[in-house]
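Shown next, in structure tokens, is the structure this report addresses.
The basis for the numbers below is simple: all heavy atoms, side chains too, and nothing from hydrogens, waters or symmetry mates. Counting starts at 1 for both ligands and their atoms, in listed order. Being a predicted model, the structure only gives us computed values, none of them experimental.
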Amino acid sequence: MERLDKYIASRGTESRKEAQKLIKSGAVTVDGAVCKKPDAKVDPEQSTVLVNGQAVGEKYVYIMMNKPQGVVSATEDRRDKTVIDILPPDLRREGLFPAGRLDKDTEGLLIITNDGDLAHKMLSPKKHVEKRYEAELDGEITEDMIRSFKEGIVFADGVKCMPAKLETVPETGKTVGIVTICEGKFHQVKKMFAVCGRKVVHLKRISIGNLYLDGKMPIGSCKYLTNLEIQQVFMGNIH
Ligand code: URA
């Protein structure tokens with residue numbers, strides 16, 4: 001059983017406060033009867049909750065963000081703006097969090113959801129969901145670096161990374177690489193290049209599994225993912 005205001009806030013686009021106002025105004029029915037008590041208990045599996053005659057939305061939402069630089073991948077932060085702070089008002093609801101972290105200065109594909117299971121599956125190294133990054137470097141990519149990435153980079157503290165793929169982007173004079181990793185250690189891509197004596201001057205995530213950042217999305221914008229796009233996260237990883 002769940003509180004009615006919490007249920008509406010987690011399923012709909014309303015905040016908890018807005019949900020409470022709606023309930024008190026008589027706009028909400030539970031199994032056909034108006035319910036004006038925000039703290040009434042509902043069974044999410046059994047009850048039909050309508051707001052202004054409309055069923056409250058899906059339990060889970062999945063949002064693609066083209067994350068800009070300068071915001072942190074967290075739900076709250078005392079100093080910086082978070083990816084949740086910059087969500088457009090119509091996509092906001094309670095319980096959303098970024099599935100995985102991009103550094104403050106990293107751009108690109110970020111999934112924001114309220115589905116903890118999906119986030120876990122996406123992030124667990126055991127599930128081998130490939131994350132692909134475009135990294136601009138302060139120097140050339142050498143064959144030795146490609147080999148080291150393949151063998152598994154070892155950080156200065158002895159931590160060993162899983163084998164990763166490093167490819168060059170031909171037109172860029174070998175200073176832009178595409179890195180594919182299946183794990184998400186803290187500052188992983190930057191640290192992997194640092195071991196090879198390179199500094200990452202710009203980092204952008206371009207895909208998760210088979211889901212690619214929508215090239216038409218301006219930096220900082222968001223959109224709901226379709227069911228097919230969510231499935232694509234888990235496609236293309238034959239390990
Ligand atoms: N690796 C990094 O170093 N930074 C990121 O934001 C993501 C992967």
Original post:
Does any N or O atom in Lys191 lie less than 3.5 angstrom from one in ligand 1, N or O only?
Top reply: no
**OP:** Could you go through the side chain to side chain contact (heavy atoms under 4.5 Å, CB included) check for Glu229 and Lys223 one step at a time?
**Re:** CA-CA 11 Å; Glu229 287 173 318; Lys223 67 165 194 180; 3.1 Å; yes
Original post:
Has the side chain of Lys150 got a donor or acceptor atom that lies under 3.5 Å from a matching backbone atom of Leu166?
Top reply: no
**OP:** Answer yes or no: is there a side-chain heavy-atom contact under 4.5 Å between Asp214 and Met64?
**Re:** yes
**OP:** Decide yes or no on salt bridge (charged side-chain N to carboxylate O under 4.0 Å, His left out) for Lys37 and Asp39, but give the supporting numbers first.
**Re:** CA-CA 5 Å; Lys37 289 197 203 122; Asp39 63 350; over 6 Å; no
**OP:** Mark yes when over 12 heavy atoms from residues, nucleotides or ligands other than Lys6 sit less than 6.0 Å from its NZ; otherwise mark no.
**Re:** no
Subject >> Exam field: side chain Lys185 to backbone Glu183, donor-acceptor pair closer than 3.5 Å >> reply: no
Original post:
Counting each atom of ligand 1 from 1 as listed, which ones have a heavy atom of His187 under 4.0 Å away?
Top reply: 1 (N), 2 (C), 3 (O)
**OP:** Check each atom of ligand 1 against the heavy atoms of Thr106 and keep those under 4.0 Å away; list them by number with element.
**Re:** 4 (N), 5 (C), 6 (O)
Original post:
Which residue owns the protein heavy atom closest to atom 4 (N) of ligand 1, what's the atom, and how far is it?
Top reply: Asp103 OD2, 2.7 Å
Subject >> Protein contact to atom 1 (N) of ligand 1 [nearest heavy atom, distance to 0.1 Å] >> reply: Val189 N, 3.0 Å
**OP:** Specify the protein heavy atom at minimum distance from atom 7 (C) of ligand 1: its residue, its atom name, and the distance to 0.1 Å.
**Re:** Tyr133 CE2, 3.4 Å
Subject >> Side chain, backbone, both or neither: the part of Leu203 lying under 4.0 Å from ligand 1 by heavy atom >> reply: side chain
